[in-house]
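Counting starts at 1 for both ligands and their atoms, in listed order. Source: prediction; values computed, not measured.
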Amino acid sequence: MMPGAVFKITLFMTNSTYFPIDKLKEGETPLYYYDLHLLDETLDAVKAAASYPNFHVHYAVKANSNPEILQRIAAAGLGADTVSLGEIKAAVTAGFPAPKIVFAGVGKTDAEITTALQYGIGCFNVESKAELEVIESLAAEMGVKAPVALRVNPEIDAHTHHYITTGLAENKFGIAMTMIDELVDYCIKSESLDFRGFHFHIGSQVTDLTPFKILCERINSLQERLPDIEIPLINVGGGLGIDYDNPDSNPIPDFKSYFDIFHENLKLRPGQQLHFELGRAIVAQCGSLITRVVYVKEGVGKKFVIVDGGMTALIRPALYQAHHKIENITSNSDIEERYDVVGPICESSDVFGTDEPLPLTKRGDLIALRSAGAYGEIMASGYNCRPLPGSVFSR
Ligand code: LLP
């Protein structure tokens with residue numbers, strides 16, 4: 001291994017942890033590295049900022065379902081937000097109590113609904129009348145009451161990438177405000193449905209908090225419109241963004257400002273519970289994709305750094321034009337060069353960065369793509385028959 005590498009990488013990870021670079025063997029990259037100390041610090045910050053007695057934070061399992069990560073989040077006492085039976089099973093296995101699991105998604109199958117009822121999950125976040133009717137009939141067959149919240153489409157522009165905005169009328173998610181009264185009535189009259197309240201989610205990687213304030217206003221007016229309906233809970237979803245450009249100077253999102261927006265702007269009724277579903281903000285910064293330089297290729301007027309992990313290991317740049325900070329964690333060179341950092345996949349979109357300033361880079365160097373703990377490992381694919389990336393953890 002390259003001399004100085006351990007020192008370099010010790011600095012690389014938030015000063016607190018040590019990446020076992022000297023133990024990393026040829027062929028073990030690409031892999032995800034998780035800084036569990038940072039995850040713990042982030043969980044402490046979430047819990048401190050959300051310490052109001054009626055606030056309940058569910059971790060959005062879709063962001064990262066690595067068992068080690070899930071177990072840690074379960075042990076911290078958070079609930080789980082899930083969107084498939086696979087996620088429900090992963091959450092239960094990791095130790096999340098079933099009553100603290102919520103289940104969303106526009107396409108829940110009969111088998112998923114039945115098993116979720118058997119587990120005794122806390123709430124179904126229901127996305128349509130068609131789904132509500134199926135949940136009702138399956139619950140009736142089982143002789144149970146299904147806890148349901150109606151997912152309302154609040155028609156708010158979260159000002160994020162159009163693939164991850166969900167709260168607009170044109171999106172497939174949620175139920176239009178105009179249909180809500182009818183469906184609330186349906187729930188209340190049903191013998192097999194237990195109406196719990198309303199669910200919202202406006203989008204992901206939301207960095208300007210104003211849309212959350214607008215969400216509070218929408219929820220207030222909805223509640224004012226239904227004064228006689230008992231609404232035990234409000235679920236405001238997730239979406240809090242992170243600082244992809246500054247993972248070291250800004251590793252923990254400003255949870256206090258986020259939770260305080262809801263504390264200050266939502267007019268909750270006495271005894272009403274407030275649920276959150278945060279994914280990215282909890283796990284993004286603790287993870288990095290570590291990938292090895294296979295070749296440095298001289299192109300026409302530019303140089304390419306070709307790494308062994310591409311869009312199959314981390315798809316966010318190809319899919320959302322996302323940029324993850326790129327670092328050469330083994331080069332000790334003082335010479336800075338500009339490179340296009342690309343993966344090995346046979347797709348032109350398999351690019352992590354163009355014109356990236358990096359220290360002089362050579363074959364065999366290790367490259368870190370930072371802030372990859374959310375929607376990284378979990379979205380990896382086997383395209384081109386590539387193996388899925390593994391994972392290592394700070395201890
Ligand atoms: N609740 C619901 C109903 C959701 O649809 C989502 C994310 C969350 C909670 C968690 O959102 P978060 O706190 O992580 O922003 N793959 C994309 C992100 C897709 C998010 C989908 N829904 C990406 O890599 O940016």
Inset, instruction - Examine the proximity of ligand 1 to E277 and report which part, side chain or backbone, both or neither, has a heavy atom under 4.0 Å away. - result: both
Inset, instruction - Considering only NZ, NE, NH1 and NH2 on the basic side and carboxylate oxygens on the acidic side, decide whether E327 and R370 come within less than 4.0 Å. - result: yes
Inset, instruction - Would you verify whether the NZ or CZ of K108 falls within 45 degrees of the ring axis of F103 while also being under 6.0 Å from that six-membered ring's centre? - result: yes
Inset, instruction - Number the atoms of ligand 1 from 1 as they appear, then name those within less than 4.0 Å of a heavy atom of R151, with their elements. - result: 3 (C)
Inset, instruction - Could you tell me whether some N/O pair between S204 and ligand 1 is separated by less than 3.5 angstrom? - result: yes
Inset, instruction - Would you kindly say whether Y320 and Q205 are connected by a side-chain donor-acceptor distance under 3.5 Å? - result: no
Legend entry - Residue M379 vicinity, atoms of ligand 1 by number, heavy atom under 4.0 Å: 16 (N)
Legend entry - ligand 1 atoms in contact with A60 (distance to a heavy atom under 4.0 Å): 10 (C)
Legend entry - Interfacing atoms of ligand 1 (cut-off 4.0 Å, heavy-atom, G279): 12 (P), 13 (O), 14 (O)
Inset, instruction - Using a 4.0 Å heavy-atom threshold (strictly under), name the region of Y320 that reaches ligand 1: side chain, backbone, both or neither. - result: side chain
Legend entry - Side chain, backbone, both or neither: R280 near ligand 1, heavy atoms under 4.0 Å: both
Inset, instruction - For E136, enumerate each residue passing the side chain to side chain donor-acceptor pair (under 3.5 Å) test, keeping only those at least two apart in sequence or located in another chain. - result: Y186, S190
Inset, instruction - State the atoms of ligand 1, each with its element, that fall below the 4.0 Å cut-off from a heavy-atom position in G238. - result: 9 (C), 13 (O)
Legend entry - Over 12 non-hydrogen atoms of neighbours within 6.0 angstrom of OH in Y295: no
Inset, instruction - State whether R292 and D365 are salt-bridged, where the test is any N-O pair (Lys NZ or Arg NE/NH1/NH2 against Asp/Glu carboxylate O) under 4.0 Å. - result: no
Legend entry - Short side-chain to backbone donor-acceptor contact, N220 and K267, under 3.5 Å: yes
Inset, instruction - May I ask which of R316, H58, Q205, H201 has a heavy atom nearer to atom 5 (O) of ligand 1 than the others do? - result: H201
Legend entry - Atoms in ligand 1 flagged as close to D81, the criterion being non-hydrogen separation under 4.0 Å: 1 (N), 9 (C)
Legend entry - Enumerated ligand 1 atoms positioned under 4.0 Å from heavy atoms of L278: 13 (O)
Inset, instruction - Tell me, please, which residues at least two apart from P387 pass side-chain contact (heavy atoms from CB on, under 4.5 Å). - result: none
Inset, instruction - Taking atom types as modelled, find out whether N265 and E217 have a side-chain donor-acceptor pair closer than 3.5 angstrom. - result: no
Legend entry - Those atoms of ligand 1 less than 4.0 Å from some heavy atom in G239: 11 (O), 12 (P), 13 (O), 15 (O)
